[in-house]
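What follows is one structure encoded as structure tokens, with my remarks underneath.
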Amino acid sequence: MQTKIKLNVVYRLCAAVALWSCIVPAVLAEDRPGLDTDVHAAIELLKGTNPAAKALGPKARGALVFPNVTKAGFIIGGLYGTGALVKAKQGGGYYIDDYYSLAAASYGFQAGVQSYGYVLLLMNDAAVEHVETTANWDLGVGPSIVIVDDGLSKSLTIATADADVYAFTFGQKGLMAGLGLQGSKITKLD
């Protein structure tokens, strides 16, 4: 009987995720100007609060910027956010090139809801090309990624930066606790 209940919960969760994945891109298409504004604000917030991001930003060839990622779960969980690929302009500045989603599913001891911003600084042309040519990028497969936490942020400089991609989280709100297995995927939106 308990196995039936667990399967029922899993089936309902899968159906909800499938429905959500059909609705969200349609909503996003209507609100791209709002997302553009959020992307620009997220870049400014990250530069203003993280010295490593401010130092590395001008050297980056591009960035995947997800201004609002929401993560929730109770044993089974997931996260989702929409964002944009931002590319460096010659002579300085940047422009929004295309739109992407970040999604993950997780299973394990976890509970809570959290939202945050997430930026992947793409430090070379090969990393930008990987994002553009990979249909569904599984994070951890492809360019080397360094997650920049508060400790590394204080010691990271242009001279010590040698990874393809640097990942920053910022603006965390809410609480998510526990341990879970998770795989994150970045997908280009139509």
Side-chain angles (χ1 to χ4, degrees), residues 17 20-72 78-105 114-148 153 161 163-174 182-190:
V17 168
W20 190 28
S21 66
C22 293
I23 293 172
V24 168
V27 171
L28 175 64
E30 293 175 9
D31 192 33
R32 289 206 172 153
L35 180 58
D36 291 355
T37 300
D38 291 346
V39 165
H40 293 298
I43 291 169
E44 293 306 314
L45 176 62
L46 182 60
K47 287 187 334 188
T49 59
N50 191 303
K54 185 175 183 177
L56 291 174
K59 302 293 181 192
R61 301 300 304 141
L64 279 167
V65 181
F66 298 96
N68 299 303
V69 177
T70 301
K71 181 177 182 178
L79 68 80
Y80 188 81
T82 55
L85 173 62
V86 175
K87 288 186 175 178
K89 287 183 185 177
Q90 284 199 315
Y94 61 89
Y95 65 97
I96 292 177
D97 184 64
D98 228 327
Y99 298 92
Y100 289 79
S101 67
L102 170 67
Q114 186 178 46
S115 66
Y116 54 91
Y118 189 60
V119 172
L120 294 164
L121 286 181
L122 309 169
M123 300 307 293
N124 53 48
D125 290 330
V128 173
E129 183 180 341
H130 184 80
V131 170
E132 293 177 320
T133 60
T134 304
N136 293 303
W137 178 24
D138 288 312
L139 292 182
V141 177
S144 63
I145 299 175
V146 173
I147 298 171
V148 182
S153 179
D164 297 326
V165 180
Y166 287 92
F168 296 86
T169 58
F170 57 95
Q172 290 91 341
K173 296 176 187 161
Q182 176 175 305
S184 298
K185 188 172 293 234
I186 294 175
T187 306
K188 186 175 181 179
L189 296 172
D190 293 328

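Here the structure is a predicted model, which means the values were calculated and not measured.
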### Query
When rounded to the nearest 0.5 angstrom, what is the spacing between OG in Ser115 and CD in Gln172?
9.0 Å
### Query
Are the side chains of Val148 and Leu121 in touch, meaning some heavy atoms are under 4.5 Å apart?
no
#### Entry: Residue pair Tyr94 / Val65, side-chain heavy-atom distance below 4.5 Å
no
### Query
Atom CG in Asn68, atom OG1 in Thr82: separation rounded to 0.5 Å?
7.5 Å
### Message
Using side-chain heavy atoms (C-beta onward) and a distance below 4.5 Å, is Lys71 in contact with Val69?
### Response
no
### Query
Rounded to the nearest 0.5 Å, how far apart are OG1 of Thr37 and CZ of Arg32?
14.0 Å
### Shortest non-hydrogen contact from Tyr118 toward Ala167
OH-CB, 3.8 Å
### Message
If you define the side chain from C-beta out and look only at heavy atoms, does anything of Leu79 sit under 4.5 Å from Phe66?
### Response
no
### Query
Hey, is CD on Glu129 packed in by over 12 heavy atoms from elsewhere, all under 6.0 Å?
no
### Query
What is the distance from atom CG of Leu85 to atom OH of Tyr95, rounded to the nearest 0.5 Å?
8.0 Å
### Task
Using the test side chain to side chain contact (heavy atoms under 4.5 Å, CB included), find all partners of Phe170 that sit at least two apart in sequence or belong to another chain.
Ala42, Leu45, Leu46, Val119
### Task
Kindly give the heavy-atom pair with the smallest separation between Tyr100 and Glu132, and that separation in Å.
OH-CA, 3.9 Å
### Query
Taking side chain as C-beta onward, heavy atoms only, is Ser184 less than 4.5 Å from Leu102?
yes
### Task
Determine whether Leu35 and Pro67 make a side-chain contact, defined as any pair of heavy atoms from C-beta on separated by less than 4.5 Å.
yes
### Query
Atom CZ in Arg61, atom CG in Leu122: separation rounded to 0.5 Å?
10.5 Å
### Rounded distance (nearest 0.5 Å) linking atom CD1 of Ile43 with atom CG of Asp38
11.0 Å
### Message
For a side-chain contact (heavy atoms from CB on, under 4.5 Å) check, start with the C-alpha distance between His40 and Ile96, then their side-chain angles and the critical distance, and finish with the verdict.
### Response
CA-CA 9 Å; His40 293 298; Ile96 292 177; 3.8 Å; yes
### Message
In the structure I gave you, are the side-chain heavy atoms of Met123 and Asp164 within less than 4.5 Å of one another anywhere?
### Response
no
### Query
Do Gln114 and Thr169 have side-chain heavy atoms sitting under 4.5 Å apart?
no
